[in-house]
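What follows is a short report on a single structure.
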Amino acid sequence: MSKQAESETFDPVDLFPDATEMDLRPGVDKCDKNGNCETVCPVAEVNEDFPGPKFQGPEQWRLTRKGDIEFDESVDKCLNCMRCDTACTNDVPLGQMHNVARANYVKNQKSHASREYLRNKMLANYGTLGKLGSMMPRISNTVFGLGATRWLNEKLLGFPSERSFPDFATQTFRGWWSDRGGDATSTERAREAREARGETGEDKKVAFFHGCYANYHQTEVAKSMVRLYESLGYEIAVPEQSCCGTPMFANGMLEDARGVAEGNVDTFGSLVEDGYDLIATCTSCSMALRKEYPELFDIDGIEDVASHMFDAVEYLRVNEDLEAELAGADVDFPAMTYHAPCHGEVMGVEGIVTELFADVDGVELEDTGDVCCGLAGTYGWKAEKYDDSMEIGAEMFEAFEEAPGEVALTECPMCSAQIEHGTGYEVKHPMELLETALVES
């Protein structure tokens, strides 16, 4: 039979007749098995039993979409760093595949009565735990810091006793913002700054997604952002909001994540319509709203929210001449060592911080290079994954020991916690450094 005749008689077979909107087959078919994703997976590097992102993604989806096998339980060991997404040269949506596969596994195969599931549910919904702990922060810090509490938390819930729970701030960021006068005060301060700077153009307005960590723990980072942005003439809105959902994605709880995503899209979508851009000081939060929401959910307004979401440093780099602002800065800061978060690389903002401060007088900054910290949100907060978490972070710890810096710098609060745990370094956020350079000086 000629090739032309074969083509005329070809009858395609519908392999997945029951496919829904979450049909990832087009992404599966893009995979050519070049293995780039395998080379950057931090879990595969330290755990020989982990089959790697290629299996967790396209290979597993090819197998499971026929409906005759279930998702492999190893998908629960993926730490959701999403480095495989940036390494793939064929635009295979590996992170999306992993998130959906993990959710299917947790919903249908993992025991909901197990200690692991209960612990993961608590980690996934950290906003609730943070709210409770912040009601009486000093007592919470004392109780969580006790050796007996850490021992009990490991025995009963599976939290590693080696880790110290992050201290709750004595006042939440939202409490500080409210006492300061809220959005109205920010508008007044920003307008005064614009007048002082001689700016007569349109109002500069941003809405701040502070997330859980900047609200309950790293409040100084959020305060530095406020003071810096206002000094540059930006009016800041801080609406009511929920967790970004990243810990829910990482623990396979997509239904919980959809709930918070719907609320956040509704709130921040309205602000986008009013002319606001959106910023976050945590790269995992900004990545969730910019990348993971539209990949995983179909919600009215989600694309508008995603397209207006920026990392706080990235936004200033895009909209302000920061090099000129920093040119006259006189910064008195100790030597620092910078760690780029994995989710920052997924956002495409890697290199911004080191480039920004490269020629600033008084700033000595060395980069640890392309390494994962190993904590990865909630991954390193699980006793059974603690050793892998520390082994993944070993390369970063070593880089810090060899660097001349005395202070660490990073945008991610979880990377910050891992750096402190593994090296004992004091950790700062780029917003704090920028505030020192442009506001305090």
Side-chain angles (χ1 to χ4, degrees), residues 13-112 114 116-117 120 124 245-258 287-288 291-292 294-297 342-343 346 372 376-379 382 384-385 388 392:
V13 177
D14 188 356
L15 290 177
F16 310 118
D18 298 324
T20 67
E21 71 276 6
M22 204 52 85
D23 184 0
L24 292 169
R25 187 184 174 195
V28 169
D29 291 341
K30 290 180 181 178
C31 178
D32 64 4
K33 298 180 181 290
N34 61 39
N36 287 341
C37 58
E38 306 281 357
T39 65
V40 298
C41 176
V43 180
E45 187 173 353
V46 303
N47 187 336
E48 62 182 15
D49 295 328
F50 184 65
K54 180 158 60 68
F55 174 78
Q56 301 293 337
E59 291 181 0
Q60 184 165 224
W61 273 98
R62 285 191 177 107
L63 294 171
T64 55
R65 292 314 302 265
K66 291 182 179 179
D68 54 353
I69 66 170
E70 295 183 319
F71 284 98
D72 189 85
E73 63 179 358
S74 61
V75 73
D76 209 22
K77 297 178 181 177
C78 165
L79 49 61
N80 200 40
C81 66
M82 304 184 82
R83 294 164 65 89
C84 50
D85 253 20
T86 55
C88 180
T89 53
N90 296 315
D91 295 326
V92 177
L94 288 153
Q96 183 183 15
M97 290 178 175
H98 298 161
N99 275 326
V100 178
R102 192 162 44 242
N104 273 277
Y105 166 73
V106 170
K107 180 179 181 181
N108 300 318
Q109 297 165 241
K110 196 176 185 72
S111 170
H112 289 199
S114 66
E116 280 189 10
Y117 180 84
N120 293 353
T246 294
M248 299 168 188
F249 301 139
N251 287 284
M253 298 179 183
L254 276 191
E255 292 180 6
D256 292 357
R258 172 178 282 279
M287 187 197 70
K291 175 179 169 60
E292 289 179 302
E295 279 186 349
L296 296 168
F297 307 126
C342 295
H343 287 173
V346 177
C372 175
T378 63
Y379 177 86
K382 301 170 183 176
E384 72 275 13
K385 296 182 173 69
D388 281 356
I392 291 169

Spacing of [X] atom [atom1] and [Y] atom [atom2] [to the nearest 0.5 Å]:
X	Y	atom1	atom2	result
Q56	C37	CD	SG	10.5 Å
R102	K77	CZ	NZ	14.0 Å
R83	T39	CZ	OG1	9.0 Å
E292	D85	CD	CG	9.0 Å
D72	L63	CG	CG	9.5 Å
I392	C41	CD1	SG	7.5 Å

Is there a donor-acceptor pair closer than 3.5 Å between any side-chain N or O of H112 and the backbone N or O of V106?
yes
Is any side-chain heavy atom of [Y] closer than 4.5 Å to one of [X]?
X	Y	result
C342	M82	no
Q96	L94	no
P51	Q60	no
F50	D388	no
M253	N120	yes
N108	Y105	no
K385	L79	no

Within the supplied structure, the quantity of interest is the number of heavy atoms (other residues, nucleotides, ligands) at a distance under 6.0 Å from [X] [atom1]; does it exceed 12?
X	atom1	value
E384	CD	yes
E38	CD	yes
Q109	CD	yes

Measure across [X] and [Y] and return the closest heavy-atom pair with its distance rounded to 0.1 Å.
X	Y	result
P58	C31	CG-SG, 3.6 Å
V346	M287	CG1-SD, 3.7 Å
F55	S74	CE2-OG, 4.3 Å
A44	G52	CB-CA, 4.5 Å

What's the verdict on side-chain contact (heavy atoms from CB on, under 4.5 Å) for N34 and N90, showing C-alpha distance, side-chain angles and the deciding distance?
CA-CA 9 Å; N34 61 39; N90 296 315; 3.6 Å; yes
Worked verdict on V92 versus K54 for side-chain contact (heavy atoms from CB on, under 4.5 Å)
CA-CA 10 Å; V92 177; K54 180 158 60 68; over 6 Å; no
Report the relative orientation of the aromatic rings in F249 and F297; use parallel for angles under 30°, tilted for 30 to 60°, perpendicular for over 60°.
tilted
H98 vs C84, side-chain contact (heavy atoms from CB on, under 4.5 Å): CA-CA, chis, key distance, verdict
CA-CA 10 Å; H98 298 161; C84 50; 3.6 Å; yes
So, K382 versus N251: side-chain donor-acceptor pair below 3.5 Å or not?
yes
Decide side-chain contact (heavy atoms from CB on, under 4.5 Å) for E59 and K33; before the verdict, give the C-alpha distance in whole Å, the side-chain angles of both, and the deciding distance to 0.1 Å.
CA-CA 9 Å; E59 291 181 0; K33 298 180 181 290; 3.1 Å; yes
